[in-house]
Structures are given as structure tokens and as C-alpha cells.
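Notes follow the structure.
Note: hydrogens, waters and symmetry copies are ignored here, and every other heavy atom, side chains too, is used. In this chain, residues are counted from 1 in sequence order.
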Amino acid sequence: MRLRPLVTWVTTLALLTATPVIPAYADDPAPSSETSARPTTPPDEKLPEDKLPEDKLEDGLALGEGRARAIVELTDASQREPIAAKAAEESVEVVLRSRTQPFMVVEGTAEELAALAEDPRVSSVHRDRAYPPAEVSNLQLIGADRAHAQGFKGNGQAVAILDTGIDLDHPSFGGRVVEEACFSAVEEGVTSLCPNGQTSMVGPGAANAVTDRCLAAGVNLCEHGTHVAGIAAGADGVAPEAKIVAIQVFSRVDDESVCGEPSCLLAYESSLRQAMEHVAELSTPVAAVNLSLGGMLFDTSCDTSEEGQVFKPLVDALLARNIATVVAAGNEYYDGVSFPACVSSAVAVGANDGNDAIADFSNRGELVDLFAPGVDIESSVPDDQKAVHSGTSMATPHVTGALALLKARSPDTPMTELIAKLTSTGRPYAYRANGKDVVTPRLDVLAALGGASPQPTVSQTPAPAPTGGDPAPEPGPDPDPTDDGGPAPEPGPTAGTPDPTPTPPSSPVPLPTVTVTVTITPTPTAASTPAQVCTRGKAARRLTAKQWAVEVHRSSGTIPDATLTCYLKLVQKGSKVFPEITKASSLGTAYRVLKASRTARQRLDAALLAGWLSWAHGTNGTAKLAGAEKVRLSARAKATALKKAARTLTK
């Protein structure tokens with residue numbers, strides 16, 4: 001299972017204590033005799049869209065050993081029970097049945113999932129992806145303070161915060177939390193954050209972020225949702241009289257091999273789908289749904305992608321009810337956005353700073369609909385405290401709150417018109433992205449409400465985007481693998497050992513987008529330290545696997561460990577191999593992957609990881625990486641194809 005790009009902030013214990021698409025690479029190999037011997041579907045049972053069973057199974061699932069959590073998409077919602085019964089007969093555990101949507105969640109082996117894919121009533125089987133959270137007076141900059149003075153405060157509307165829950169009795173919310181729910185997936189090693197310990201809960205207390213399940217070593221891992229809610233609709237927020245619909249959509253993972261840190265919070269795709277459906281059914285007048293989270297990066301609309309085809313109907317269903325879906329663009333310093341901000345009917349939000357400049361970490365370009373303040377934003381956190389965080393996670397609720405103000409003023413105006421009002425009245429930022437001249441508006445609430453004239457264009461001059469480069473000079477000799485100062489080398493297979501298929505982790509794998517370090521403020525009045533944002537580097541240097549091994553080996557390279565750890569989180573967001581198929585969440589596991597070279601798969605893994613790390617370091621271009629990953633994820637790829645893919649990456 002994989003946590004693809006939704007929010008941009010991960011809560012981890014380690015960070016609390018530290019300073020911080022896609023052309024195929026090659027034609028698929030010819031089917032083996034094993035493949036051609038697979039059972040065929042009777043002529044009277046036509047597969048959806050003429051797909052073969054193996055084409056309905058997500059790349060990589062066929063490589064798995066052990067059990068995996070997967071979403072089974074059905075051709076008809078009425079087939080949920082028959083398919084569930086069939087799955088149970090074949091020892092596949094059904095862990096969730098959607099009430100109305102045509103899908104269910106199961107846990108099974110690769111063989112069991114492949115057997116399910118052979119059923120003509122099944123349209124596809126893919127991992128239940130998980131998503132991490134994403135990360136001047138900001139109100140003065142966007143004119144919200146003057147809008148409040150004119151009586152625009154969001155009364156009569158609500159905002160839905162799909163996040164890590166909130167501190168329900170925080171004074172910033174003044175009892176304005178009117179709806180609560182929790183959808184929190186579980187599997188081995190994953191704990192529900194619903195206060196009742198179940199995978200779902202609706203009603204008072206369901207979204208409580210101050211529970212034992214949120215605590216680790218005395219630290220609250222669930223503060224992100226409270227911070228986001230405070231920006232959108234807190235007493236000092238954009239819509240201070242709006243109601244709040246609080247929905248907990250995250251699960252807790254205490255597994256360093258998954259998180260790269262001791263603990264992290266991930267939102268499963270199935271939980272998000274349930275939550276968005278829940279909002280669509282509420283009688284409370286909701287102006288916008290806030291998703292401060294994100295996954296894989298896109299520089300074009302993702303509507304027709306695998307992920308987009310799942311989420312766009314949910315976004316469109318909400319829009320049909322006059323509810324906007326506002327999503328963080330991501331913090332990767334990328335000319336594009338992270339999923340699901342790439343869905344065309346969502347509102348993608350980038351971050352600007354207090355000087356009216358694009359934040360150096362923020363994604364940008366034609367897919368971004370609006371910029372909003374996202375640097376050093378103070379807001380509420382649990383235990384009646386406040387803290388300062390930065391990220392597009394913080395920019396997004398500014399737009400969510402602004403839509404509540406506009407809808408409160410004109411409740412019968414179609415939401416599409418209100419969104420257009422925001423984008424047409426915002427202060428234009430003019431800049432270049434992907435080699436084009438781009439103009440993206442910065443949120444101006446007062447102008448959108450008609451209380452001020454649109455402001456003049458601001459010409460942006462951010463640091464030039466990395467353009468890539470030649471490999472750096474070869475560093476010194478490899479570090480001694482036996483040195484106690486670093487991870488031990490991975491033992492190679494003995495002679496004659498068949499090329500192994502690595503075992504994927506049994507737990508959900510996050511695609512951490514941008515990590516915002518959590519700042520705990522001792523008292524409401526104590527000065528807070530601005531949180532650091534994990535983003536791509538700007539060195540634009542392409543290093544070899546050997547060079548990266550030197551860097552990740554403790555104390556032997558020049559790149560700080562904190563930066564390397566950040567790079568691994570960005571790799572997890574962009575890659576489908578790491579750590580979903582091959583573990584590379586920590587510096588130690590990354591070192592072993594980079595050094596292993598006995599088999600074709602190991603050599604390709606090393607080349608892939610080096611390529612992704614170079615991308616995180618600032619080099620542009622991921623087409624070769626995506627093509628090589630397609631080969632790596634194919635269960636039919638032979639050693640010659642694996643070697644060819646690796647050579648392509650090292651040219």
C-alpha cells in the first residue's frame with residue numbers, strides 16, 4: 001500500500017528531537033510459458049475494457065511476498081457482497097466494504113489478489129495508498145483583517161478539515177465544531193486513531209486529537225489538524241465565525257522501516273474516500289473541504305491517471321453540491337503540483353511569504369490556482385497552545401477560509417463562480433515555470449469580496465530552477481564497510497543463487513512529500529521557532545550510486561544527515577520502488593541498496609536510488625527513472641531487461 005501525494009507534512013518523533021506518468025522505458029518482455037498457461041476468461045464473460053487479469057493488477061503487486069492491503073475496484077457497486085463472499089472462500093480477508101462506492105479493501109497474497117483480478121466483475125486491484133500530511137501578518141497580507149472589520153466572518157458556513165483531528169476544546173474554536181467523524185484504516189503495525197479503537201466513528205469526540213492514541217513519549221503526533229483548522233476558522237483565522245467539520249483520516253504507524261522515523265501518521269486512500277463521501281452527505285452547509293496533504297508529483301493534469309480517475313469523481317461530486325476541494329500544491333520546489341492537487345477540479349494552493357514572494361520551497365506553475373501565506377504561520381495546536389509552521393499545508397486553509405467568507409456572503413452563488421472570483425481578483429504573481437511565462441494569483445480576500453481593487457502584478461525572481469548537471473568528480477575511496485560508524489553492508493548472495501525478488505514491506509508505505517518539523521510551544525505566549533520544510537536541493541549535481549553510498553555512510557560525506565533523510569522522504573514520494581518494493585527509508589537501508597551489486601535487480605535498484613537521490617539533490621527529469629521503474633515492477637522482466645534499464649540510468 002502506498003501513501004501517494006495528498007498532504008505535505010509528516011509528524012515524526014525523530015523530527016521532534018532533531019534539528020532539523022510516463023513513457024515506458026521498453027516494450028514489455030514476451031510472455032513466458034507460465035503466463036500463457038494462465039486460466040482464460042470464458043467467451044461469455046468479457047473483461048472490463050478488454051483487460052487481461054494481469055493488466056488489472058497494479059505494477060509491483062505480483063512481486064510481493066506475504067500479504068498486502070489492496071483496493072478492489074468493481075464494475076458495479078451491487079457486486080460488493082458477491083465478490084466479498086468469493087474472496088472469503090479463497091482466504092482473502094475483506095477489511096472494508098464501501099457503503100455506496102464500487103470498491104472494497106482486502107488483504108491477501110500476490111496469488112490471491114491475482115485470482116481476484118481474474119473475476120470479470122473486478123475492474124482493477126491496486127494498493128490502498130497512504131498519504132502523509134503536507135506543511136507579515138498573514139491576515140493583513142490577504143486583506144482578511146479588513147474583511148472581518150466589514151462584517152465578513154463566515155457565519156452560516158462551515159469548513160471541513162480532513163486531517164489529523166483537532167483539539168476540540170481549544171479556545172480558538174469556541175465550540176464551533178459541529179460535526180465529527182473518523183475514518184482510520186488499520187492493518188498489521190498500523191493503529192486506528194479513532195477514539196473508539198475502530199476503523200470508523202461518527203459523532204461527538206470522533207475527531208479528538210487529544211487522545212492517548214495520538215501521544216508518543218509525551219508528544220502529540222496529531223497537532224497538524226488543529227493548526228490547519230485554526231488558520232481556516234480559528235478565532236484568529238480567515239473565517240473566525242465559520243463552523244468546523246472535523247474529520248480524522250490518518251492512521252498511526254510505529255515502524256521505522258515504513259516511516260524512516262520511529263513514528264508517522266498516514267492517511268489511506270480508502271479513509272479519504274470514505275471521508276469525502278461523508279462530507280457530501282452532510283446537511284451542514286459546507287463551503288470547502290481542506291486537504292493539506294499530498295503525494296506523487298505531476299506537471300500536467302492527472303485526471304486520466306490511475307489516481308485521478310479515483311479522486312476526480314469525488315471532487316466533482318462535492319463541487320456539484322457547491323463544496324470546493326482545496327488541496328496543498330506541495331513543498332518540493334517543483335514546476336508542478338503533488339497529487340491530488342493535480343486534479344483539475346480541485347483548487348491547488350502554493351505558498352508565499354510575508355514579502356509577497358513565492359516561498360522558496362513551494363511548488364509552482366500552471367497547475368497552481370492560487371498562492372496564499374505559508375511561511376511562519378502561527379496557529380493553534382493541542383493543549384490550548386500555539387505554534388509556528390511553514391508549508392503549503394498552511395497556505396491551503398487560507399483559501400478554504402476565504403471560500404467560507406465568499407459563500408457566507410453569497411450562499412446561492414455556484415461554487416465555481418466563487419472560485420473564479422478568488423482567482424480573478426488575486427494579486428498576480430508573474431514568473432517562469434517549465435520554460436513558460438506564468439501568472440498565478442495570490443489570494444486577496446478583500447478584493448474578492450469587492451472591498452478593494454485588485455493589486456498590481458508582482459514580478460517574482462525566485463532562485464532559478466535546477467537544470468541538472470554532470471556527475472560530480474569521483475570522491476575518495478569507499479568507506480570501510482566494517483567501520484562501526486556506519487551501517488553494515490548487505491551480504492551478497494552466494495554463487496549460483498537465483499536472482500532474488502526483494503520482499504516488500506507488509507505495512508503501508510508512505511510517500512512523504514514535504515516534511516514540516518513539528519514545533520511544540522511550551523506556553524501560548526512563548527516565542528516559537530519557525531519550522532523547517534523538507535524540500536529538494538538546488539545543487540543540481542548528479543552523483544553515481546558509489547558516490548551516494550559515500551554520502552549516506554555516516555560521517556563520510558559532505559551532505560548533512562538531516563538533508564539526506566529529507567531526500568529519502570522525497571524519493572519515497574516520487575518512486576514506486578522505494579520503499580514499497582525495496583526498503584530504503586533510512587540511511588542504513590539506503591546504504592545497503594546502493595552498495596549491493598550481485599544481481600541484476602540489485603544493480604537496477606542501486607541505479608534507481610542514485611537517480612532519485614540526484615533528483616532530490618536538484619537535478620531535473622524523471623522520465624528515465626519512471627521508465628526504469630516500469631521494468632523493475634514487471635514480474636515478467638528478465639535479467640537482460642533489468643540490466644538494460646540500469647545502463648540507461650547510468651549514461
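- Looking only at distances, no side-chain donor or acceptor of Thr622 sits under 3.5 Å from a matching main-chain atom of Leu625.
- For the pair Trp612/Leu570, no side-chain contact is recorded, criterion being any heavy-atom separation below 4.5 Å from C-beta on.
- Between the side chain of Gln157 and the backbone N or O of Val159, no donor-acceptor pair lies under 3.5 Å.
- In summary, of the residues considered (Arg127, Arg69, Glu187), a side-chain hydrogen bond (donor to acceptor under 3.5 Å, both in side chains) with Tyr268 occurs for Glu187 alone.
- Taking both residues in full, the closest heavy atoms of Val368 and Gly350 are given as CG1-N, 3.7 Å, listed atom of the first, atom of the second, then distance.
- At least one donor-acceptor pair closer than 3.5 Å links the side chain of Arg80 to the backbone N or O of Arg99.
- Of the possible polar contacts, none joining the Thr109 side chain to the Arg67 backbone as a donor-acceptor pair under 3.5 Å is found.
- Glu269 and His126 are linked by a side-chain donor-acceptor pair at a separation below 3.5 angstrom, with hydrogens and angles left out of the test.
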From CA spacing to verdict: side chain to side chain donor-acceptor pair (under 3.5 Å), His278, Glu179 | CA-CA 11 Å; His278 180 76; Glu179 301 277 359; 5.3 Å; no

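- Around the NZ atom of Lys421, the shell of radius 6.0 Å holds no more than 12 heavy atoms that belong to other residues, nucleotides or ligands.
- No side-chain donor-acceptor contact under 3.5 Å links Arg321 to the backbone of Leu318.
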Take Leu272 and Phe311 through the side-chain contact (heavy atoms from CB on, under 4.5 Å) test and state the conclusion after the steps.
-> CA-CA 9 Å; Leu272 290 165; Phe311 275 87; 4.2 Å; yes

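- Smallest separation of non-hydrogen atoms from Ala216 and Leu221: CB-CD1, 4.0 Å.
- The OG atom of Ser270 sits 10.0 Å away from atom CD of Gln101, with the distance rounded to the nearest 0.5 Å.
- Arg97 places no side-chain N or O within 3.5 Å of a backbone atom of Ala84 that could act as its donor or acceptor partner.
- Judged by distance alone, the side chain of Thr325 and the main-chain N or O of Val289 form no donor-acceptor pair under 3.5 Å.
- Cys194 has its side chain out of reach of Thr199: every pair of non-hydrogen atoms, C-beta onward, lies at least 4.5 Å apart.
- Of the possible donor and acceptor atoms, none in the side chain of Arg121 sits under 3.5 Å from a partner among the backbone N and O of Asp76.
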Please report the C-alpha distance between Asp299 and Asp335 in whole Å, then the side-chain angles of each, then the deciding distance to 0.1 Å, and finally whether the side-chain contact (heavy atoms from CB on, under 4.5 Å) criterion is met.
-> CA-CA 6 Å; Asp299 57 12; Asp335 290 353; 5.9 Å; no

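- Annotation for Ala341 and Ala329: closest pair CB-CA, 4.0 Å, computed over non-hydrogen atoms.
- Looking only at side-chain heavy atoms (C-beta outward), Asn322 and Pro414 come within less than 4.5 Å of each other.
- Counting heavy atoms from C-beta on, the side chains of Leu370 and Thr440 never come closer than 4.5 Å.
- Expressed to the nearest 0.5 Å, how far SG of Cys214 lies from CG of Leu193 amounts to 5.0 Å.
- The shortest non-hydrogen separation linking Ala242 to Ala404 is CB-CB, 4.4 Å.
- Note: Leu314 CG to Leu319 CG = 12.5 Å, rounded to the nearest 0.5 Å.
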Go through the steps to decide whether Ser251 and Leu266 satisfy the test side-chain contact (heavy atoms from CB on, under 4.5 Å), and finish with yes or no.
-> CA-CA 5 Å; Ser251 300; Leu266 304 177; 5.6 Å; no

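- Taking 4.5 Å as the limit, every side-chain heavy atom of Thr392 sits out of range of all side-chain heavy atoms of Asn363.
- Residues Asp316 and Ser345 bring a donor and an acceptor atom of their side chains to less than 3.5 Å of each other.
- What you find for Cys222 and Gln248 is that their closest heavy atoms are SG-NE2, 4.3 Å.
- No hydrogens or angles considered: nothing links the side chains of Glu332 and Ser338 as a donor-acceptor pair under 3.5 Å.
- Put simply, NE2 on His170 and OG1 on Thr226 are 7.0 Å apart, with the number rounded to the nearest 0.5 Å.
- A distance of 14.5 Å separates NE2 in His398 from CZ in Phe371, rounded to the nearest 0.5 Å.
- Distance alone, capped at 3.5 Å, places no donor-acceptor pair between the Lys576 side chain and the Ile581 backbone.
- Taking the side chain as every heavy atom from C-beta outward, Leu74 and Val122 approach each other to under 4.5 Å.
- The backbone N or O of Ala68 lies less than 3.5 Å from no partner atom in the side chain of Glu107, so there is not a single donor-acceptor pair.
- Between Gly374 and Ala351 the shortest heavy-atom distance is CA-CB, 3.9 Å.
- Counting heavy atoms from C-beta on, the side chains of Glu58 and Ser124 never come closer than 4.5 Å.
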Could you go step by step and tell me if Thr423 and Asp369 meet the side chain to side chain donor-acceptor pair (under 3.5 Å) rule?
-> CA-CA 7 Å; Thr423 57; Asp369 296 297; over 6 Å; no

List the steps and the verdict of side-chain contact (heavy atoms from CB on, under 4.5 Å) for Phe173 and Leu168.
-> CA-CA 7 Å; Phe173 303 133; Leu168 300 170; over 6 Å; no

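- Side-chain contact check for Thr396 versus Val228: every heavy-atom pair is 4.5 Å or farther apart.
- Rounding to the nearest 0.5 Å gives a distance of 7.0 Å between CD1 of Ile166 and CD of Glu180.
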